[in-house]
Amino acid sequence: MVWFRVDDSFGDHPKVEALLAGACPDASIALWTLAGAWCAKHLTNGHVPAVRVPRLGVKGHGRAAAELVRVGLWVAVDGGFAFHQWAERQPSRSSVEAKREAGAARQARFKRAHETREDGVTNGVTEA
């Protein structure tokens, strides 16, 4: 599981303060949060495809996306949007995949070390 990290000073950031003073703060924050969680889950490195935005279920998503771009939390890119400074604040796809691979290898080593032979004796373990 990958977590979408939100800094505890998020609400005090000047960009968020500008968002809160804007046209649709509730929808904008909801869209930012839901899109961030979606990006983390799907390991998109902060890219939000334009077709995904309405599917996140935020009423007024078009205006909310425009507000996120206006304040600089998102950048408009080919085919959608990108979170500003995703790589500095969130784990990258490659780091998450490397961590998952290391975990799978560790679990495989553990499993091999604790396999039970046909005669019921645990491989590599001395039982009292």
Side-chain angles (χ1 to χ4, degrees):
M1 177 185 308
V2 180
W3 295 91
F4 174 56
R5 299 175 181 165
V6 179
D7 191 297
D8 60 359
S9 63
F10 175 74
D12 298 330
H13 194 282
K15 291 179 182 180
V16 176
E17 289 178 345
L19 195 65
L20 293 171
C24 52
D26 294 348
S28 299
I29 290 173
L31 182 59
W32 184 85
T33 306
L34 291 167
W38 184 87
C39 287
K41 177 182 180 181
H42 295 283
L43 303 177
T44 69
N45 289 329
H47 179 260
V48 185
V51 297
R52 173 56 47 190
V53 173
R55 294 180 188 161
L56 292 170
V58 175
K59 193 174 188 176
H61 56 80
R63 222 166 124 190
E67 282 289 283
L68 291 168
V69 171
R70 178 185 68 80
V71 302
L73 289 173
W74 279 7
V75 177
V77 296
D78 261 357
F81 304 93
F83 274 77
H84 176 67
Q85 294 184 326
W86 180 272
E88 289 85 353
R89 292 173 170 76
Q90 307 295 333
S92 68
R93 177 186 200 104
S94 60
S95 69
V96 169
E97 288 174 343
K99 188 175 181 179
R100 287 177 180 172
E101 288 173 17
R106 184 179 61 254
Q107 289 174 353
R109 285 191 306 275
F110 181 85
K111 185 177 178 182
R112 280 191 304 275
H114 295 86
E115 287 177 332
T116 303
R117 298 187 325 207
E118 286 182 25
D119 61 3
V121 176
T122 304
N123 185 22
V125 178
T126 303
E127 301 273 339

Review point. Can you tell me how far CH2 of Trp74 sits from CD of Glu67, rounded to the nearest 0.5 angstrom?
Key: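 Output value for this atom pair is 12.0 Å.
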
Point to revise | Connected-component partners of Val51 among ILVMFWY, side-chain separation under 4.5 Å | key: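 The other cluster members (ILVMFWY side chains, heavy atoms under 4.5 Å, direct or chained): none.
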
Check your understanding: Are His61 and Leu56 side-chain neighbours, meaning at least one heavy-atom pair lies under 4.5 Å?
Key ->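 SC-SC contact between His61 and Leu56 ruled out.
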
Practice item. Hey, can you tell me if Phe83 and Phe4 have their rings parallel, tilted or perpendicular (30° and 60° cut-offs)? Key: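 Plane angle over 60°, so perpendicular.
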
**Study point:** Main-chain N/O of Leu73 paired with Lys15 side-chain donor or acceptor, under 3.5 Å
**Key:**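 Such a contact is absent between Lys15 side chain and Leu73 backbone.
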
For residues 18-38, please give each side-chain donor-acceptor pair under 3.5 Å, one per line with the distance, not counting sequence neighbours.
from, atom 1, to, atom 2, distance (Å)
Ser28, OG, Cys24, O, 2.8
Thr33, OG1, Ile29, O, 2.8
Trp38, NE1, His42, NE2, 3.2

Check your understanding: Any chance NZ of Lys59 has more than 12 other-residue heavy atoms, nucleotides or ligands included, within less than 6.0 Å?
Key ->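 No, not enclosed.
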
Review point. Hey, is CG on Asp7 packed in by over 12 heavy atoms from elsewhere, all under 6.0 Å?
Key: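 Yes, because the 6.0 Å sphere around CG of Asp7 holds more than 12 heavy atoms from other groups.
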
Review point. Nearest heavy-atom pair of Ala40 and Trp86: which atoms, and what distance?
Key: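 Result for this residue pair: N-CH2, 3.9 Å.
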
Point to revise | Residues forming a salt bridge (charged side-chain N to carboxylate O under 4.0 Å, His left out) with Arg63, sequence neighbours excluded | key: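 Checked Arg63 against salt bridge (charged side-chain N to carboxylate O under 4.0 Å, His left out); zero matches.
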
Practice item. State plainly whether one hydrophobic cluster holds both Val77 and Leu43, where clusters connect Ile, Leu, Val, Met, Phe, Trp and Tyr through side-chain heavy atoms under 4.5 angstrom apart. Key: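 No, it is not one cluster - the side chains of Val77 and Leu43 are not joined through contacts under 4.5 Å.
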
Review point. If you group Ile, Leu, Val, Met, Phe, Trp and Tyr by side-chain heavy-atom gaps below 4.5 Å, do Val69 and Val75 land in one group?
Key: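 Each belongs to a different hydrophobic cluster.
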
